[in-house]
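Report on the following structure.
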Amino acid sequence: MSNSGTKPGNGQHLHLIDGSAFIFRAYHALPPLTRKSDGLPVGAVAGFCNMLWKYIEDARGDDAPTHAAVIFDHGSVTFRNNIYDQYKSNRPDLPEDLKPQFPLTREATLAFNVASIEVPDYEADDIIATLSCQMRDAGGRVTIISSDKDLMQLVGDGVAMLDPIKNKLIGRDEVFEKFGVYPDRVVDVQSLAGDAVDNVPGAPGIGIKTAAQLIQEYGDLDNLLASAEQIKQPKRRQTLIDNAEQIRLSRRLVTLDCETPLDFGLDKLEVRTPDPENLISFLNKMEFRTLTKRVADRFDVDAPAPSPVPAPIPGSATTAPARATAEAPAAPDMPPIDRGAYVTISDEATLAAWLAEITDKGAVAIDTETTGLDEMRADLVGVSLCVEAGRAAYIPLGHVLGQADLFGGGARAEGQMALDRALALLKPVLEDPGVLKILHNAKYDWKILARYGIRMTPVDDTMLMSYALNAGRHNHGMDELSETYLHHSAQPIKDLIGSGKAQITFDRVAIDAATAYAAEDADVTWRLWQLFRPQLPAEGVDTVYETLERPMIEVLAGMEMTGVRIDPDHLRAMSGNFSQKMAQLEQEAESLAGTRFNLGSPKQLGEILFGQMNLTGSKTGKSGAMSTSADVLEDLAAEGHDLPARVLDWRQVSKLKSTYTDALPQHVNPETGRVHTSYSIAGAQTGRLASTDPNLQNIPVRSEEGRRIREAFVAGPGMRLVSLDYSQIELRILAHVADIPALRQAFLDGLDIHALTASQMFNVPIEGMDPMIRRSAKAINFGVIYGISGFGLARNLRIPRAEAQAFIDTYFQRFPEIRAYMDRTVADAKRDGFVRTLFGRRIHTPGINQSGPAVGGARRAAINAPIQGAAADIIRRAMIRMPEAIRDIPAKMLLQVHDELVFEVEESAVEPLITAAREVMEGAAEPAVKLSVPLLVDAGVGASWAEAH
DNA sequence: GCCCTCACG
DNA sequence: GACGTACGTGAGGGCT
């Protein structure tokens, strides 16, 4: 700073922190956190400590305070109650769980080694006024950390205020903005306008605007009251004359007392560094683990955490920021989240008013509440709306009385609009192309609303924005993002519906509690959107979001709602079969082991194999237990041991039964008769989708036995299933991005790529090649994509490690471009903290610059990500174009399995579908990317998925 | 709630 | 020279 060393006055700078305001803000902004060990409510203390710590950290610049104190109200009764017994009498009682936290905040202040001041009979504001005067008179400066308007009368003459929420200085001009007068006349305006919050009467019918106008005209309050007779407006004149005494009383109430008796001098407030031991011990006692660690790190001492300290959140201030984004961006100028401030909408007029504002504004954050997680079955319970940070509302629609006994529950709760009326009002806005709907995980809400006849558009999704910006850094659930980016812990749903057996559905939650929860989610979504939206272009992922993420919402919603038909009888028959087989194998295993044991327990199996039978096992798992994984058992079986062979058979059957033949029929939706999976768009790090409930991306195919499960995935009457899958897409992408001429040419020539690789490596002709040689080459080709190692290849091929390493060496010799690509990719990852796919998708690689054995994994992930990710991008592009391309064909896209799309099509339209879909898939990279190798799509048709694949 | 195992690309 | 090791997922069962 240019003026450093030339500070005004005596160079002293006093910071006065409005402690009571801090506490209330912390209390309302944070969830009702309790201390884990004994349930003591500590939410406000936690918030208070965080703010105090942040303040101390922030105040270390070269305008740092020389003196500081936190000021508290001593009690609720003060000398002002002698002047006017109604003063502050309309304040609601303190919440029960806040009361015990007041003494703790005093203790916290002392632990931070900041002076803590309170005086009986006086308000914190009076103490602040007195100390401000003292410091100003001593020639120093004062900064009051508060946004309380009652303190604004003190501003000026070396006294400023700092709004800690907006981090904005409040000087004379800001005060004028608020009151229409400069600080020295603020008292006059307040005396006239009164204050509903503090129950200061003022003059009835006169607000701040009028008061300011009058004071400007008459100079000051005394002059105004003396000249009241001359006021032109008759009503105002009469009001002032009639209420002169009340106005004077108000002035005594709002005027801060600069003569508060204090038994110490300013020198007692000199800034002191906290004693790390004291501070950490207090924080640890409160069980604030994150803050304890933060403080410990700051002082470079060990956190005395008895329980493990959670890993720091990537992107938070405590971790070294990745270079991708300079820092976790500070939350923009937003008020703190206040769950108590949300509105419940229970009548049409109120809803109409909100919707009018939304239409006018052109954007709204939305969240729906339902009775469950299955979008195809859950019922709508309510909708929340948010129009700006902090201003949100909840429309309860399907709440029933819940907590009542067996006979009382179930009746519709009062204070709700009729569902159809609300939806009729909402529909035009939700479908209005001029109103942007902002959601978190929009596909969920989109599907729910679709079942109520609403096709929501246009839609923005903060989950997908986070994914485009930060894939690989952290997950993208709302709660996690709220913590990381808004520094706010959203209320857990468990608080409302419980968990486990006692869990209730959301429609049984009381409406006021539901409002606080649901509107908060919309509020958080809005804030995340404000934060993320400008980052997309700034971080170069706007195109990724717009072309690869956002359009997936509707495409996938359509596929999921269509669902796939299965034949439950076929599966049940298989289950019965499997049961018999398992019983048989269990019997054989029992006689081989000489004892009855649970074949499903790796622990018991390990004891028998490696204990009783004394077989040689080697590998240990994470927990130190002996591994009984398939490859271990296969080795033992190959040595001629029968028990491991039986266990392997049992495991295969058991897996097929429990995961597939038993589970899938339970997923049939009774209304549609079909199975509806759910795809996570932002689940995988690389851009791949993931399928859940049920997972239809891991239906067996590799074993003959398992493949029969695919026979149960069938087309409807008169229909066929068509499967189209990319041939070798990842190897083709590798040939392109690594620019490997030999590989490229082989793909252009349509050669058998694994045979070609073998031929080049071992100098043997492709014609009449030994299948084992081709198999080795195939394993290497796949290994390359995964970031090959001699160890991994050796294990995969079951060959000596040296031999595997020799293969790899030969491979790199023959295709040197691959080595170059790998080195380049790892270097990029180290430099940028992320890698990119051909289509611009960013995948962060946080582990790559660390040290230790984990780096190996991070390197391999970095090498794999651009390849797997580009393949994922390509099939996404195909899926997005597909609905339009097959618009006139009686066919629907049902499933995606990473490189495969499954359609259901009318028998007569099979050929047109294959032609159209293949064209889309093979051309999906273009025009964004012109690959140097062709993409090839294989097609299959059948009555079942088994036939089609 | 973690670990192991195994299904898929 | 030792360390651990293929990449990416989700589900079910055992066990604490």
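Naming: A, B, ... by sequence-line order, numbering from 1 per chain.
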Problem - dC7(C) OP1/OP2 closer than 4.0 Å to side-chain N/O of Arg860(A) - result: yes
Exercise for the section: Give one of base, sugar-phosphate or nothing for Thr659(A), where a contact means two heavy atoms less than 4.0 Å apart. Expected result: sugar-phosphate
Exercise for the section: Quote, to the nearest angstrom, the P distance that separates dA6(C) from dC4(B). Expected result: 13 Å
Handout entry: Distance between C1' atoms of dA2(C) and dC6(B) (Å, rounded)
Key = 31 Å
Practice task
Output yes when Arg646(A) and Glu586(A) qualify as a salt bridge under the 4.0 Å nitrogen-oxygen rule, no when they do not.
Solution key: no
Practice task
Tell me what Asp693(A) touches on the nucleic acid: a base, only sugar-phosphate, or nothing, going by heavy atoms under 4.0 Å.
Solution key: sugar-phosphate
Exercise for the section: Respond yes when some side-chain nitrogen or oxygen of Arg702(A) is under 4.0 Å from OP1 or OP2 of dC8(B), and no when none is. Expected result: yes
Practice task
Would you mind classifying the nucleic acid contact of Gln604(A) as base, sugar-phosphate or nothing, using non-hydrogen atoms under 4.0 angstrom?
Solution key: sugar-phosphate
Exercise for the section: Looking at every strand, decide which applies to Ile788(A) at a 4.0 Å heavy-atom threshold: base, sugar-phosphate, or nothing. Expected result: base
Exercise for the section: Answer yes or no: side-chain N or O of Arg651(A) and base N or O of dG13(C) forming a donor-acceptor pair under 3.5 Å. Expected result: no
Handout entry: Carboxylate-amine/guanidinium proximity below 4.0 Å for Glu817(A) and Arg824(A)
Key = no
Practice task
Look at the side chain of Arg801(A) against the base of dT5(C) and say whether a donor-acceptor pair falls under 3.5 Å; ignore hydrogens and angles.
Solution key: yes
Exercise for the section: Ignoring backbone atoms, establish whether Asn695(A) has a side-chain N or O less than 4.0 Å from OP1 or OP2 of dT9(C). Expected result: no
Problem - Phosphate OP1/OP2 of dT5(B): any Thr628(A) side-chain N/O under 4.0 Å - result: yes
Exercise for the section: Classify the nucleic acid contact of Ala779(A) as base, sugar-phosphate or nothing, counting any heavy atom under 4.0 Å across all strands shown. Expected result: base
Exercise for the section: Pick base, sugar-phosphate or nothing for Ala625(A), based on heavy-atom distances below 4.0 Å to the nucleic acid. Expected result: nothing
Practice task
Examine dT16(C): is either OP1 or OP2 under 4.0 Å from a nitrogen or oxygen in the side chain of Lys603(A)? Give yes or no.
Solution key: yes
Exercise for the section: Tell me yes or no: between the side chains of Asp662(A) and Ser575(A), is some donor less than 3.5 Å from an acceptor? Expected result: yes
Practice task
Look at all strands and tell whether Ala854(A) reaches a base, only sugar-phosphate, or nothing, counting heavy atoms closer than 4.0 Å.
Solution key: nothing
Exercise for the section: Measure from the side-chain heavy atoms of Tyr786(A) and tell me the nearest of dG12(C), dG8(C), dG9(B). Expected result: dG9(B)
Handout entry: Distance below 4.0 Å between Arg795(A) side-chain N/O and dA6(C) OP1 or OP2
Key = yes
Practice task
Using a heavy-atom cut-off of under 4.0 Å over every strand shown, decide if Gly783(A) touches base, sugar-phosphate, or nothing.
Solution key: base
Practice task
Please state whether the rings of Phe834(A) and His844(A) are parallel, tilted or perpendicular, taking 30° and 60° as the class boundaries.
Solution key: perpendicular
Practice task
Tell me what Gln685(A) touches on the nucleic acid: a base, only sugar-phosphate, or nothing, going by heavy atoms under 4.0 Å.
Solution key: sugar-phosphate
Practice task
For Ile867(A), answer base if it contacts any base atom (sugar-phosphate contacts may also be present), sugar-phosphate if it contacts only those atoms, and nothing otherwise; contact means non-hydrogen atoms under 4.0 Å.
Solution key: nothing
